[in-house]
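Lettering follows sequence order; numbering is per chain, from 1. Note that the coordinates shown come from a computational prediction; the quantities given were computed from them, not determined experimentally.
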Number of protein chains: 2
Amino acid sequence: MKYDHDDIIEKATTLFWQRGFHAAGMRDIQQALDMRPGSIYARFQSKEGLFKLVVEHYAQNSAERLKQVAEAASPLDALYRFFETALTGPDEQRYMRQCLLVKSIAELELIGDIARKAVIESMQTLKAGFKDIIEACIEKGELPEHTPTKLAAEWLQNQFVGLRAFALMQDENTATIQMIDKVILDLKGQWPQKTH
Amino acid sequence: MKYDHDDIIEKATTLFWQRGFHAAGMRDIQQALDMRPGSIYARFQSKEGLFKLVVEHYAQNSAERLKQVAEAASPLDALYRFFETALTGPDEQRYMRQCLLVKSIAELELIGDIARKAVIESMQTLKAGFKDIIEACIEKGELPEHTPTKLAAEWLQNQFVGLRAFALMQDENTATIQMIDKVILDLKGQWPQKTH
DNA sequence: TTATCACTTGAACGATCGTTCAAGTAAACC
DNA sequence: GGTTTACTTGAACGATCGTTCAAGTGATAA
């Protein structure tokens with residue numbers, strides 16, 4: 001094995017994150033990984049197979065970070081910092097403001113079945129991560145007892161998705177920070193009744 | 001002029017809305033419009049030129065609908081119904097739940113300069129539409145006087161963007177409806193201080 | 001020593017991409 | 001009637017796409 005596996009996946013992650021699945025051509029991939037097509041196909045079967053590994057690697061990483069938030073002394077503070085870090089990175093890492101998974105969802109129909117399944121499953125993994133954070137906040141008394149955890153988790157993930165798209169278009173961070181503040185306020189705020 | 005211009009644009013809108021800019025190939029377009037490549041290029045210069053017109057047509061339509069919301073007797077109620085209509089359409093029109101502009105933003109880097117400019121300008125037009133709605137709500141006493149209109153407009157648009165992505169993945173509408181309820185609650189809720 | 005295995009190379013393949021162009025058509029203007 | 005204008009056709013172009021494959025390489029097992 002000439003090339004290190006983790007190193008390959010990370011380089012591929014950067015490329016797919018920047019360009020998306022479709023726009024990252026095999027020749028881009030060959031260049032980014034410094035590998036010839038035969039090697040890539042022998043290892044990963046196809047472009048889609050490589051992408052699937054990238055998605056899984058990314059989701060695993062993200063889930064780990066969400067877990068750290070849930071386990072923090074103050075999960076609510078940690079959540080704030082998590083949002084801040086993810087959404088206001090330096091300009092040369094602007095592409096990282098967009099979630100790789102969200103970006104993939106936008107082109108879900110162009111992706112094959114295998115990778116599509118990996119994307120959707122990863123989104124559900126992260127939703128579970130957000131739910132753990134909500135529950136940790138309640139346990140630590142940072143959110144009211146009656147907060148509907150399932151709904152709040154879906155809402156929180158959705159806010160994160162929306163904010164990543166928002167942050168991507170912002171030139172400066174002040175507006176993004178205000179949006180994060182609003183998220184924290186609304187998290188503590190009212191929730192709709194289940195019966196409609 | 002053999003083919004009706006508006007009819008062409010609407011057919012093209014449907015295709016781009018369903019498939020996105022990149023995935024909608026020229027041969028798909030030729031089939032959808034029942035036109036040969038030469039005709040299309042003589043009229044619209046390029047695929048991008050056609051897409052630009054589609055985006056502008058779509059934005060104009062959307063802005064008109066936002067204007068109707070702002071001019072309603074109860075803008076807040078009209079806003080609720082606007083969200084509901086946009087996000088819970090029938091399954092065969094599921095693609096319409098995603099905003100064409102948001103979908104385009106996801107592939108902004110793959111689109112040429114001309115169409116990209118049209119997309120970004122359209123987003124700003126719609127932001128102005130959301131601001132008008134906020135101001136109408138305040139004027140009618142449906143939102144507190146001290147609501148920060150610029151921030152609230154950005155926030156509302158962002159909620160809309162996020163919810164469209166959310167609704168796209170939902171199998172049933174109950175979760176989406178709850179999210180809309182939450183948006184209305186948060187709109188009436190607290191806002192972060194400008195100084196940070 | 002030989003066989004097997006997991007990779008590696010780089011030329012080449014067929015398919016599809018957006019686009020061009022010579023040629024035709026029908027209405028409008030001089 | 002002739003010219004111009006605004007389309008229209010459909011074959012064909014070069015570029016790029018993801019992928020394949022015959023031929024190597026070097027480590028491991030028998």
Side-chain angles (χ1 to χ4, degrees), chain A residues 1-13 15-55 103-104 106-119, chain B residues 1-13 15-55 103-104 106-119:
Chain A
M1 200 184 298
K2 192 172 172 186
Y3 302 110
D4 178 56
H5 195 79
D6 284 1
D7 190 43
I8 292 176
I9 297 296
E10 264 160 43
K11 279 176 178 162
T13 301
L15 183 65
F16 280 127
W17 205 346
Q18 286 173 323
R19 310 266 283 126
F21 176 76
H22 225 70
M26 277 307 292
R27 275 133 192 106
D28 298 323
I29 295 173
Q30 289 159 32
Q31 194 178 355
L33 306 189
D34 190 26
M35 289 172 78
R36 264 36 63 196
S39 307
I40 297 172
Y41 278 82
R43 278 204 175 194
F44 306 109
Q45 290 107 267
S46 64
K47 180 185 173 185
E48 195 190 341
L50 173 61
F51 184 70
K52 176 181 179 262
L53 290 186
V54 163
V55 165
K103 192 164 187 162
S104 305
E107 49 180 348
L108 211 53
E109 287 152 19
L110 317 178
I111 301 173
D113 291 336
I114 296 168
R116 187 186 304 132
K117 199 181 157 199
V119 170
Chain B
M1 198 184 300
K2 193 172 172 186
Y3 302 110
D4 179 55
H5 193 80
D6 283 1
D7 189 45
I8 292 175
I9 297 296
E10 265 161 41
K11 279 177 179 163
T13 300
L15 183 65
F16 280 126
W17 206 345
Q18 285 173 326
R19 310 267 283 125
F21 176 76
H22 225 71
M26 276 309 291
R27 275 131 193 107
D28 298 323
I29 295 172
Q30 289 158 33
Q31 195 178 356
L33 306 189
D34 189 28
M35 289 171 78
R36 264 36 64 196
S39 307
I40 298 172
Y41 277 83
R43 277 203 177 196
F44 306 109
Q45 291 106 267
S46 64
K47 181 186 173 185
E48 195 190 340
L50 173 61
F51 184 70
K52 176 180 180 265
L53 290 186
V54 163
V55 165
K103 191 164 188 162
S104 305
E107 49 180 349
L108 211 52
E109 287 153 18
L110 316 179
I111 302 174
D113 291 336
I114 296 167
R116 187 185 305 132
K117 197 181 158 198
V119 170

Whole angstrom value for the distance that separates [atom2] of [N] from [atom1] of [X]:
{"X": "K47(A)", "N": "dT16(D)", "atom1": "NZ", "atom2": "P", "result": "15 Å"}
{"X": "L33(A)", "N": "dC7(C)", "atom1": "CG", "atom2": "C1'", "result": "15 Å"}
{"X": "Q45(B)", "N": "dT20(C)", "atom1": "CD", "atom2": "C1'", "result": "15 Å"}
{"X": "D28(A)", "N": "dT19(D)", "atom1": "CG", "atom2": "C1'", "result": "16 Å"}
{"X": "H5(B)", "N": "dC7(D)", "atom1": "NE2", "atom2": "C1'", "result": "13 Å"}
{"X": "M26(A)", "N": "dA15(D)", "atom1": "CE", "atom2": "C1'", "result": "18 Å"}
{"X": "R27(B)", "N": "dT16(C)", "atom1": "CZ", "atom2": "P", "result": "9 Å"}
{"X": "F44(A)", "N": "dT19(D)", "atom1": "CZ", "atom2": "P", "result": "14 Å"}

For I114(A), I'd like to know if atom CD1 has over 12 heavy atoms of other residues, nucleotides or ligands within 6.0 Å. no
Choose from dT19(D), dT8(D), dT9(C) the nucleotide whose nearest atom is closest to any side-chain atom of M35(B). dT8(D)
Is there a side-chain contact between F16(A) and L50(A) (heavy atoms, below 4.5 Å)? yes
Distance check: side-chain N/O of [X] vs OP1/OP2 of [N], anything under 4.0 Å?
{"X": "R43(B)", "N": "dT8(D)", "result": "yes"}
{"X": "S39(A)", "N": "dT9(C)", "result": "yes"}
{"X": "Y41(B)", "N": "dT20(C)", "result": "no"}

Name every donor-acceptor pair, under 3.5 Å, that has one atom in a side chain of residues 19-36 of chain A and the other anywhere in the protein, sequence neighbours excluded.
from, atom 1, to, atom 2, distance (Å)
R19(A), NH2, A23(A), O, 3.2
D28(A), OD2, G25(A), N, 3.0
Q30(A), NE2, M26(A), O, 3.3
D34(A), OD1, R36(A), NH1, 3.4
D34(A), OD1, R36(A), NH2, 3.3
R36(A), NH2, D34(A), O, 3.0

Comparing nearest nucleotides in DNA chain D, the 5'-proximal residue of the pair Q30(A), A42(B) is A42(B)
Heavy-atom contacts under 4.0 Å between residues 15-25 of chain A and DNA chain D, which residues? A24(A), G25(A)
Going by the rule side-chain hydrogen bond (donor to acceptor under 3.5 Å, both in side chains), which residues pair with K103(A) if we only count those two or more places apart in sequence or in a different chain? none
For D113(A), side-chain hydrogen bond (donor to acceptor under 3.5 Å, both in side chains) partners two or more places apart: R116(A)
Shortest non-hydrogen separation from S104(B) to F51(B) and the atoms involved: OG-CZ, 3.4 Å
So which atom in D7(B) and which in D4(B) form the shortest heavy-atom distance, rounded to 0.1 Å? N-OD2, 3.2 Å
How bent is the helix from dT1(C)-dA30(D) to dC30(C)-dG1(D), measuring the angle between the end axes built from five pairs each, rounded to 10°? 10°
Nearest 0.5 angstrom please: R43(A) CZ to L53(A) CG, how far? 10.5 Å
Could you list the residues that satisfy side-chain contact (heavy atoms from CB on, under 4.5 Å) with Q18(A), not counting sequence neighbours? T14(A), Y95(A)
